[in-house]
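A short worksheet on the structure shown next.
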Amino acid sequence: MKKYRSSVGQRIYPVEYSSMTGNTVPHVLNSFISLDGGDDYVSRESGNRNESTYQDNVGSPGSDEALQGQDFPFPTVLVQDNVFGRARLHYGWWPSSGLYWSKGLLTLDISLHCWQGDDVRGFDTDPTKPLTGGIQTTGNYPGRARTPEELMADMDKVLSFCPGTKKINLHASYAIFDEEKPWVDRDKLEPKHFKKWVDFCKARGLGADFNPTFFSHPKCDPLTLASPNEETRKFWVEHGKACIRISQYLAEELGQPCTMNIWTGDGFKDVPADRKGPRDRYKASIDEILSEPYDFKLVKPCIESKVFGIGVEAYTVGSAEFALSYAAFNREKCIPLMDNGHYHPTEVVSDKIPALLAFFPEIALHITRPIRWDSDHVVLFDDETKEICKEIVRCGGLDGRVNIALDYFDASINRISAWTVGFRNVEKALLSALCTPHTALKELQDTNQFTELMVRQEELKTLPFGEVWDEYCRRNGVPVDGAWFEEVKKYEQNVLSKRI
Ligand code: RNT
Ligand code: ZN
């Protein structure tokens, strides 16, 4: 260990555990870690453990054998090239399987919601009319995308700032009509109305997810799938079926599964006289929608629950128990979806993820940020986002068990920035979770070493994760923190501010 040195200016400092934590971190890391004695590994020293263990810790990235049993304290290797050559910094537990390391990229699929760009308005109804059906955007920041072309250009900008693999998440209301394919109502939508989105995705190697749109439409009476009016209910069932066909088309064209999320704002402002009738009708409607043929390997219908919404404060038809029970009793044709803005404020979705994964092979998430209620604020790098991502990682969610989508809409700030901040934060939280020595921490829990568990978990919080994140961004060919916002400002000046 002693032969490893960090170099600050012309001076040489030993790299020690103490120098990698606390106040000295930025100082050391903002310079560089250089090499000594021809060996290009730099490792941290824990101080209270046998040093020889750590000599062995200096493993080659990508080699499972070298990292075997060495996941504490954190034998991850971060490669940094600088004027002094190549340095490898140990940090956390980086997955050493070929999938992650050999490509130098993590395949973290996150679905980018198209609706942040235009305040959830879509292209199939009058955009000047207010949103209805339990959701609402607030704010009037200039630059909202008004056409498919503008929305696609804005999404391109966001995608250029975001590392990781991406899907886009579309709503049926984003159907693209033109002279050859004129407007049709939602019950008559066809795959061809999404051909331009398919072209967009193909050109960028993206997958797509889909959502029927059961809100902001004259046929909301105001109920949709739970309506006692049979004509209304049928219209929305037909819409749902059309969306199954569109989802199958998206999955086939793009060669990736399509998550199709059913959410309605059906509910009542005040105390209902009948709580079961609407739920019986909602259940029958979903049954009818899912009777439309589809390949469950390609199309993943989800049922999203919600505790309450604007105008439906007293009762929602699709409550947590309703949605979860539906998914549990129909495991062969749908999966549950949890939106972390849709529960009572002291409930946390991070705790619900392992609960559901004990029963369901696959689940879906909407990641958002509730403030006091389902406010759909931009996702931050906050405790609950980090906790959600930890659960995704340690429950095997990245192996296809958890479908991650973003769901927020802020119309009060630059929308490109809002999109980018939220997307990057979820990627950050996932990467941070991947840099956490879960095996070692679990071992402490399983052997009742709760004192050390607390100490280690607290120490993890101040590790120099930003360096790993920057490296991840570099490998993905996207800007590091601090480098993308200038571009957003330019885009606002040159493009967004001209949209009046
Ligand atoms: C609303 C739900 C739903 C919507 C999107 C637009 O509360 O979260 O998922 O946000 O479908
Ligand atoms: Zn949602």
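- Trp263 and His342 make their closest contact through NE1-CE1, 4.2 Å (heavy atoms, listed as atom of the first residue, atom of the second, distance).
- With a 4.5 Å cut-off on side-chain heavy atoms, Trp115 and Asn169 count as touching.
- Leu131 approaches Asp119 most closely through the heavy-atom pair CD1-O, 3.7 Å.
- Side-chain contact between Gln116 and Val158 is absent, with no heavy atoms from C-beta onward closer than 4.5 Å.
- A salt bridge links Glu230 with Arg233: the closest approach of a Lys/Arg side-chain nitrogen to an acidic carboxylate oxygen falls below 4.0 angstrom.
- For the atom pair SG of Cys395 and NZ of Lys390, the computed distance is 12.0 Å after rounding to the nearest 0.5 Å.
- Counting heavy atoms from C-beta on, the side chains of Arg424 and Pro163 come closer than 4.5 Å.
- Counting only N and O atoms by type, the side chains of Asp410 and Ser412 include a donor and acceptor under 3.5 Å apart.
- Proximity of Ile244 to Ile289: side-chain heavy atoms (C-beta onward) are separated by under 4.5 Å at one or more points.
- With contacts defined as side-chain heavy-atom distances shorter than 4.5 Å, the pair Val299/Pro257 does not qualify.
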Item to check | Worked verdict on Val312 versus Phe268 for side-chain contact (heavy atoms from CB on, under 4.5 Å) | outcome: CA-CA 4 Å; Val312 292; Phe268 297 113; 5.8 Å; no
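- Judged by a 6.0 Å distance limit and a 45° cone about the ring axis, Lys386 is positioned over the six-membered ring of Phe381.
- Annotation: the span from His193 atom NE2 to Tyr249 atom OH amounts to 11.0 Å, rounded to 0.5 Å.
- Contact check on Lys300 versus Asp209 returns no salt bridge, with no Lys/Arg side-chain nitrogen under 4.0 Å from an Asp/Glu carboxylate oxygen.
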Next on the checklist: Using side-chain contact (heavy atoms from CB on, under 4.5 Å), reason through Arg144 and Arg121 one step at a time and then give a plain yes or no.
Outcome noted: CA-CA 10 Å; Arg144 179 177 72 80; Arg121 283 163 197 268; 3.2 Å; yes
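- Figure legend: Lys352 and Tyr343 shown as a cation-pi pair, the cationic atom lying under 6.0 angstrom from the six-membered ring centre and within 45 degrees of its axis.
- A salt bridge between Lys428 and Asp481 is present, with a side-chain N of the basic residue lying under 4.0 Å from a carboxylate O of the acidic one.
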Next on the checklist: With side-chain contact (heavy atoms from CB on, under 4.5 Å) as the criterion, how do Cys114 and Ile168 come out once you've worked through the C-alpha distance, each side chain's angles and the decisive distance to 0.1 Å?
Outcome noted: CA-CA 7 Å; Cys114 71; Ile168 62 165; 5.9 Å; no
Next on the checklist: Quick one, Glu190 with Lys181, criterion salt bridge (Lys or Arg N to Asp or Glu O under 4.0 Å). Give me CA distance, side-chain angles, the key distance, then yes/no.
Outcome noted: CA-CA 10 Å; Glu190 289 181 54; Lys181 298 183 281 287; over 6 Å; no
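- By the 4.5 Å heavy-atom criterion applied to side chains, Cys162 and Phe423 are counted as neighbours.
- Separation of atoms CZ (Phe161) and OG (Ser417) is listed at 9.0 Å; rounding is to 0.5 Å.
- Residues Asp374 and Phe308 fail the side-chain proximity criterion, which asks for heavy atoms closer than 4.5 Å.
- In terms of heavy atoms, Leu324 sits closest to Pro336 at CD1-CB, 4.0 Å.
- In plain terms, the two heavy atoms of Ser216 and Thr125 that are nearest each other are O-CG2, 3.7 Å.
- For the residue pair Tyr315 and Asp270, no side-chain donor N or O sits within less than 3.5 Å of a side-chain acceptor on the partner.
- In summary, Arg186 and Asp124 engage in a salt bridge, as defined by a charged side-chain N under 4.0 Å from a carboxylate O.
- The environment of NZ in Lys283 is sparse: at most 12 heavy-atom neighbours from other residues, nucleotides or ligands sit within 6.0 Å.
- Salt-bridge formation is not detected for the pair Glu492/Lys489: no Lys NZ or Arg NE/NH1/NH2 atom is positioned less than 4.0 Å from an Asp or Glu carboxylate oxygen.
- Rounding to the nearest 0.5 angstrom, the gap separating the OG atom in Ser325 from the CD1 atom in Ile303 is 11.5 Å.
- When all heavy atoms of Ser497 and Ile500 are compared, the closest pair comes out as O-CG1, 4.0 Å.
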Item to check | salt bridge (Lys or Arg N to Asp or Glu O under 4.0 Å) assessment of Arg394 paired with Glu387 | outcome: CA-CA 11 Å; Arg394 59 193 174 197; Glu387 209 59 29; 3.7 Å; yes
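- A salt bridge does not link Lys234 with Asp187: every distance from a Lys NZ or Arg NE/NH1/NH2 to an Asp or Glu carboxylate oxygen is 4.0 Å or more.
- Using modelled atom types, one finds no donor on one side chain facing an acceptor on the other under 3.5 Å when comparing Thr368 with Asn340.
- For CZ of Phe296, the number of neighbouring non-hydrogen atoms (other residues, nucleotides, ligands) closer than 6.0 Å is greater than 12.
- Residue-environment remark: CG (Asp383) stays at or below the threshold of 12 foreign heavy atoms within 6.0 Å.
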Next on the checklist: For a side-chain contact (heavy atoms from CB on, under 4.5 Å) check, start with the C-alpha distance between Leu496 and Asp154, then their side-chain angles and the critical distance, and finish with the verdict.
Outcome noted: CA-CA 9 Å; Leu496 302 178; Asp154 291 358; 4.0 Å; yes
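- Under a 3.5 Å cut-off, the side chain of Ser227 and the backbone N or O of Leu223 do not form any donor-acceptor pair.
- Residues His239 and Asp185 have side chains that never bring a donor and an acceptor to within less than 3.5 angstrom of each other.
- In this structure, the side chains of Leu170 and Asn211 stay at 4.5 Å or more apart for every pair of heavy atoms.
- Under the 6.0 Å distance and 45° angle rule, Lys219 counts as a cation-pi partner of Phe235.
- Defined by atom type and a distance below 3.5 Å, a donor-acceptor pair is present between the side-chain atoms of Asp221 and Thr232.
- Taking 4.0 Å as the cut-off between side-chain N and carboxylate O, Asp178 and Lys192 do not count as a salt-bridged pair.
- Within the 6.0 Å centre-distance limit, the rings of Phe210 and Phe194 are counted as a close aromatic pair.
- For Phe215 and His171, the ring centers sit closer than 6.0 Å to each other.
- Annotation: Glu332, atom CD; neighbour count of heavy atoms from other residues, nucleotides and ligands within 6.0 Å is above 12.
- Evaluated for a salt bridge (Lys or Arg N to Asp or Glu O under 4.0 Å) with Asp199, the options Lys196, Lys202, Lys195 yield exactly one hit, Lys195.
- Trp197 has its ring centre less than 6.0 Å from the ring centre of Phe200.
- Asp280 contributes atom CG, which lies 8.5 Å from atom CZ of Phe322 (distance to the nearest 0.5 angstrom).
- Salt-bridge check for Asp109 with Lys167: failed, with every basic side-chain N at 4.0 Å or more from each acidic carboxylate O.
- Side-chain N/O atoms of Glu362 and Asn403 include a donor and acceptor closer than 3.5 Å.
- Annotation for Asn494: atom CG counts as buried by contact number, over 12 foreign heavy atoms lying within 6.0 Å.
- When ring centroids are compared, Tyr408 and His377 stay outside the 6.0 Å threshold.
- With salt bridges taken as basic N to acidic carboxylate O contacts below 4.0 Å, one links Glu150 and Arg499.
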Item to check | Evaluation steps, salt bridge (Lys or Arg N to Asp or Glu O under 4.0 Å), between Arg245 and Glu292 | outcome: CA-CA 8 Å; Arg245 297 189 288 270; Glu292 182 70 20; 3.1 Å; yes
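- With values rounded to the nearest 0.5 angstrom, Met260 atom CE is found 8.0 Å from Tyr294 atom OH.
- Closest heavy-atom contact between Gly267 and Val317: N-CG2, 4.1 Å.
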